[in-house]
Amino acid sequence: MSGGGAGVSGAGCSYQKFVHFALEQTRLRTTLVPHPSQEKFKFIRANEENTVFNALSFSAPKIRLLRSLAIEQKNSVQVLDFAAFSEPEYDLPIFCANAFTSPARSIVVLDLNPLYDTTTNKDYREKYYKNLMPLAHKYSKLLPWGGKITSESLRFFSPVVIWTILEPTETNHHVLYSALTDYYKAWLEVMDEAAQEISKETIERNTEAQHRYLTWRAEKDPGYPLLKKLIGESLAKDLVTEFLFEGVNSLGTKSFLDYFPEYAQADGTVNKKRSMMGKSFETRPWDAHGEFIGYADEG
Ligand code: BLA
């Protein structure tokens, strides 16, 4: 066997295994209750018979939304989109685990996405990422930088991000599973320690930062074309706005173009291109201390 097929089915098991692990770990620390979005999407089915969707969503005292979407196509594509968003009384990073595995390769983004840009906001970087740099150091060696990336995405990444493209082998998926679980445990740790903000301005700022993130992803997520293909345009749209990025229509009133005016076209519509800046960052643009060093490479 060429390894591809075996690796992919192995990956499928691990994504489900990861979801199971993550929920179990979360329940050790807090009480999960089903999120209202579960009702509509729990039993979502694909057009194709060989494709299984698994959608779960919860909330908990500090957690506004914890949701997971796993897609498995027999002997073919395996997808994981797992994220956790805190209540706006906390400025917690957003846990983000995205993996798209085909027989050819796995495209992975794993991060504690910062609520505030860590290049311009040193306090935020110190608060959440200083302690995580050893973890990033370990896994960025095992899961090498995936090469040039949509430049806009960098704004939503932290110095500990794992952006990688892997051959879907057994060994690689073993390392990936270990990274997923270690990063999630790290997120649970900061979640546990997070103190509630009481200042109205701070809570509003956190709300808007989360809304901006949701707005970006609901509009430009690379997974959307595949979702459209699998469940049709209308349901894919609902899945994105009411499940994956739930809150995009309720946490704020600003539009995509309010946040990202560079995408405005002359007729007032949003440019469909994923990126206005193009791709850049051939190599990892942070040093071992989490300092951004990517400017030289830009353009
Ligand atoms: C590709 N997915 C990508 C790429 C990134 C991400 C960076 C590489 C292409 C690029 O440079 O943009 C993921 N980008 C992210 C994430 C953030 C971001 C997580 O900005 C967060 C801020 N991927 C999924 C899901 C599917 C999926 C759920 O997470 C499918 C349902 C598919 N991702 C997918 C596919 C590609 C991809 C098919 C390759 C094709 C392409 O590049 O468009």
Side-chain angles (χ1 to χ4, degrees), residues 8 11-12 15 18-19 41 44 46-48 51-56 67-73 76-85 93-118 143 145-158 160-166 168 176 179-180 183 209-233 235-237 239-240 243-245 248 256 259-260 263 272-282 284-285 294 298:
V8 168
Y15 294 156
F18 167 70
V19 173
F41 298 102
I44 198 168
N47 301 329
E48 296 159 38
T51 307
V52 178
F53 271 68
N54 257 301
L56 290 170
R67 90 311 184 261
S68 167
L69 175 69
I71 306 172
E72 296 190 9
Q73 269 181 327
S76 172
V77 167
Q78 314 280 325
V79 173
L80 173 72
D81 185 341
F82 188 104
F85 304 89
I94 295 156
F95 180 79
C96 162
N98 280 70
F100 169 86
T101 296
S102 72
R105 62 199 177 141
S106 292
I107 302 174
V108 178
V109 173
L110 170 63
D111 194 19
L112 276 67
N113 288 155
L115 209 53
Y116 299 105
D117 186 310
T118 57
L143 302 165
W145 186 253
K148 285 194 175 179
I149 183 168
T150 301
S151 307
E152 283 86 351
S153 293
L154 257 279
R155 299 179 292 197
F156 300 98
F157 290 177
S158 84
V160 305
V161 70
I162 298 299
W163 150 241
T164 194
I165 298 179
L166 300 168
L176 177 59
L180 287 166
Y183 270 61
Q210 191 174 136
H211 185 248
R212 179 175 176 273
Y213 177 93
L214 293 166
T215 302
W216 169 257
R217 293 204 58 191
E219 183 73 32
K220 295 294 177 194
D221 214 63
Y224 186 65
L226 180 66
L227 293 176
K228 231 165 65 172
K229 185 176 147 234
L230 291 174
I231 57 176
E233 181 158 12
L235 200 51
K237 207 161 238 158
L239 185 68
V240 164
F243 182 85
L244 292 175
F245 308 111
V248 66
F256 182 85
Y259 291 123
F260 311 104
Y263 283 83
K272 289 286 171 217
K273 277 201 223 167
R274 175 115 54 77
S275 175
M276 301 309 292
M277 293 195 257
K279 294 196 180 196
S280 53
F281 310 107
E282 186 77 56
R284 189 176 184 81
E298 241 175 301

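Atoms within a ligand are numbered from 1 in the order they appear, just like the ligands themselves.
At a 4.0 Å heavy-atom cut-off, ligand 1 touches K279 through the side chain alone. Looking at R217 against ligand 1, only its side chain comes within 4.0 Å, counting heavy atoms. Contact annotation: for V79 versus ligand 1, heavy atoms closer than 4.0 Å belong to the side chain alone. Under 4.0 angstrom from ligand 1, there are no non-hydrogen atoms of Y224. The proximity of K148 to ligand 1, defined as any non-hydrogen pair under 4.0 Å, does not occur for either the backbone or the side chain.
Nearest non-hydrogen protein atom to atom 5 (C) of ligand 1 is W163 CZ3, 4.0 Å. At the shortest separation from atom 10 (C) of ligand 1 among protein heavy atoms lies T150 OG1, 3.0 Å. Protein heavy atom closest to atom 33 (N) of ligand 1, with residue, atom name and distance, is P222 CB, 3.7 Å.
Aromatic ring centroids of F260 and W216 lie under 6.0 Å apart. Aromatic rings from F95 and Y183 are positioned such that their centres are separated by 6.0 Å or more.
Proximity of atom 8 (C) of ligand 1 to the protein is indicated by at least one non-hydrogen atom lying closer than 4.0 angstrom.
The closest approach between a heavy atom of R274 and any atom of ligand 1 is below 4.0 Å.
When each of I107, D111, L143, L154 is checked for a side-chain contact (heavy atoms from CB on, under 4.5 Å) with W163, only I107 meets the rule. Remark: of the listed residues L226, I44, I71, I44 is the sole one forming a side-chain contact (heavy atoms from CB on, under 4.5 Å) with I231.
Close approach to F156 involves these atoms of ligand 1, each under 4.0 Å from a residue heavy atom: 22 (C).
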